[in-house]
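Worksheet for the structure shown next.
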Amino acid sequence: MRAIAAGEPSAMRQLYQRHAPLVFTCCQRIVGDRMEAEQLLLDVFLELWQRAAQYDAARSSPRTYLLTLARSRSLDYLRRRKVRPEIKRAADNHDRPAELISSPQLSPAQQSMDTERADLIRAAVNNLDPDQRRAIECAFYEGMTQAQVATRLGVPLGTIKTRLRLGLSKLRDRLRRLNDRGAGASMIQTDQIESGSKAPVTDDMRGA
Amino acid sequence: MTCEERKELFLLDAIGSLEPAESETLRAHLADGCPACAAAAAEAEEIAALLPVALQQEMPSPEVLEKLMVQIATKRKIERPRSGRWLMPAALAACVSAVITGLAMWQWLGEAHRLVTMPDLQYVNLAGSAPQPQAHGRVFWDKEHQQWHAYFFDMKPPPPGKQYEMWFITARGEKLPGGTFDVDEHGNARLIMAVPSDAGAIAAAAVTDEKTGGVRVPAGAIQLLGKVD
């Protein structure tokens, strides 16, 4: 990130190759259109390029920064269009062949680490109670507040609040355990190298 | 509300499910500098950002990267080339090696990427003039191959019977033709010119609209103009 802030195109290329599939997937999941998702992907990386000097490595990893930006811009796009794609069933995107996750730009070792981590994270999300997962996905991918999720799913607001709290707490606990086991650390550590941060942001996750 | 209670809310906030007023209250507390809540908020954001990792990843088209690399080249701030290092041919028009127009943009984005990542990059920006202020362009000096690569974007189609013509203006005020070009359906074009050995310094580059085939002395309106610092 420091190199990007210094205006190094090669560093930008490297960051793109590492994170573009994830950012693109997030955008596409939100807007439901491949071409629009590619435009959003471009916009996100261009915004990062222009604002790289403001990036705070101590606050978030590059991946989190990019995904936060991608989600925000994708939801903005949906609001501008005032259309919302049908919610894709989680199975549409969670249960596809594992080899599709590979990124040809990454080294085999990196791909292996990322694939392993993605598999573990996917399992952590998929093992949530389906109702809890559905509520979380409505909020995250469709930008809905708890009240809007309740309306969308046709259940009382109190029920949605409970589902979200329980689901997110379970997810947090499972991801903490992954990090404690070290299985999930590889990607985060790489992110720290990319960001130039000397203080791992996962300390809190490990120590909690 | 205690910080312990807030910690649960940070997760809800990270996935965007809080009402705006609730979210604002949390952010106000963070702005007060509570370290425990700052750590909880950071953790919540990291967890929320893991949700897309659980999706099966899709690959974007390779063209997105090439487009990104070209666009960041037009947005980056680097040192402009120094006067005197931009050498100009005495008879540039005779040395035009290729004029490529009407091609799909993707056909030359890869080459553009090679240019913008050259270690000793030198270029001049072209800004749209009054007839088409939205237009812009950039001319790269490929020292390795002794060529000029000019890229033009967002230009209007030239009027019927006319083409765009590239010009280099020397420090002495001479206007040397660099070749004619049309633009594709997106308003983009590229022009490649060889750099001969008897070059001299230039002060500016410009594009005018001229009658088809080009002219030896510019007579049309200036469409793009860039000065060499």
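Sequence lines set the chain letters: A, B, ... in the order given, protein chains first and strands last, and positions in each chain run from 1. This structure is a prediction, so every number in the text was calculated from the model and none was measured.
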All heavy atoms of B/Ile15 vs all of A/Arg71, minimum pair found to be O-NH2, 2.8 Å

Partner of B/Leu68 under side-chain contact (heavy atoms from CB on, under 4.5 Å), picked from A/Leu41, A/Val44, A/Leu42, is A/Leu42

d(A/Leu22 CG, B/Glu58 CD) to nearest 0.5 Å is 12.0 Å

Passes side-chain contact (heavy atoms from CB on, under 4.5 Å), A/Gln146 versus B/Glu22? Steps please.
CA-CA 11 Å; A/Gln146 294 174 100; B/Glu22 295 174 298; 4.3 Å; yes

Please determine if A/Arg172 and B/Glu8 form a salt bridge, counting it only when a charged side-chain N lies under 4.0 Å from a carboxylate O.
yes

Count the heavy atoms belonging to other residues, nucleotides or ligands that lie under 6.0 Å from CD of B/Gln134, then report whether that count exceeds 12.
yes

Just do the side-chain contact (heavy atoms from CB on, under 4.5 Å) check on A/Arg165 and B/Leu9 with the steps written out, would you?
CA-CA 8 Å; A/Arg165 282 174 186 268; B/Leu9 293 181; 3.7 Å; yes

Give the C-alpha distance, both sets of side-chain angles, the deciding distance and a yes or no for side-chain contact (heavy atoms from CB on, under 4.5 Å) between A/Phe45 and B/Ile72.
CA-CA 9 Å; A/Phe45 275 90; B/Ile72 66 175; over 6 Å; no

For the CG atom of A/Leu168 and the CG atom of B/Leu12, what is their distance to the nearest 0.5 Å?
6.0 Å

Heavy-atom nearest pair, B/Pro60 first then A/Tyr16, reads CG-OH, 3.7 Å

Checking side-chain polar atoms at under 3.5 Å, does A/Thr68 have a donor or acceptor matched by the opposite partner on B/Glu45?
no

Are side-chain heavy atoms of B/Pro52 and A/Arg29 found at a separation under 4.5 Å?
no

Kindly give the heavy-atom pair with the smallest separation between B/Leu18 and A/Thr145, and that separation in Å.
O-CG2, 3.8 Å

State, yes or no, whether a side-chain contact exists between B/Glu43 and A/Arg176 at a heavy-atom distance under 4.5 Å.
yes

Would you find more than 12 non-hydrogen atoms of other residues, nucleotides or ligands less than 6.0 Å from B/Glu24 atom CD?
no

Of the listed residues (B/Ser17, B/Gly16, B/Ala49), which shares the most heavy-atom pairs with chain A below a 4.5 Å separation?
B/Ser17

Apply ring pair (Phe, Tyr, Trp, His ring centres under 6.0 Å) to A/Phe24 and list each qualifying residue two or more places apart in sequence or on a separate chain.
none

Considering all heavy atoms, the nearest A/Arg34-B/Met59 contact:
NH2-O, 2.8 Å

Heavy-atom pair of closest approach, residues B/Glu19 and A/Ala147
OE2-CB, 3.7 Å

Residues B/Gln57, A/Thr25; criterion side chain to side chain donor-acceptor pair (under 3.5 Å); working and verdict
CA-CA 6 Å; B/Gln57 290 183 39; A/Thr25 301; 5.3 Å; no

I'd like to know if the side chain of B/Gln71 reaches the main chain of A/Leu46, judged simply by a donor and an acceptor atom lying under 3.5 Å from each other, with no hydrogens or angles considered.
no

In chain order, what residues pass the side-chain contact (heavy atoms from CB on, under 4.5 Å) check against A/Ala124, with sequence neighbours excluded?
A/Leu171, A/Arg174, A/Leu175

Which atom pair, heavy atoms only, marks the closest approach of B/Leu55 to A/Tyr141?
CD1-OH, 3.4 Å

Would you sort out whether A/Arg63 and B/Leu50 count as a side-chain contact (heavy atoms from CB on, under 4.5 Å), showing the intermediate values?
CA-CA 9 Å; A/Arg63 175 170 48 83; B/Leu50 289 175; 3.1 Å; yes

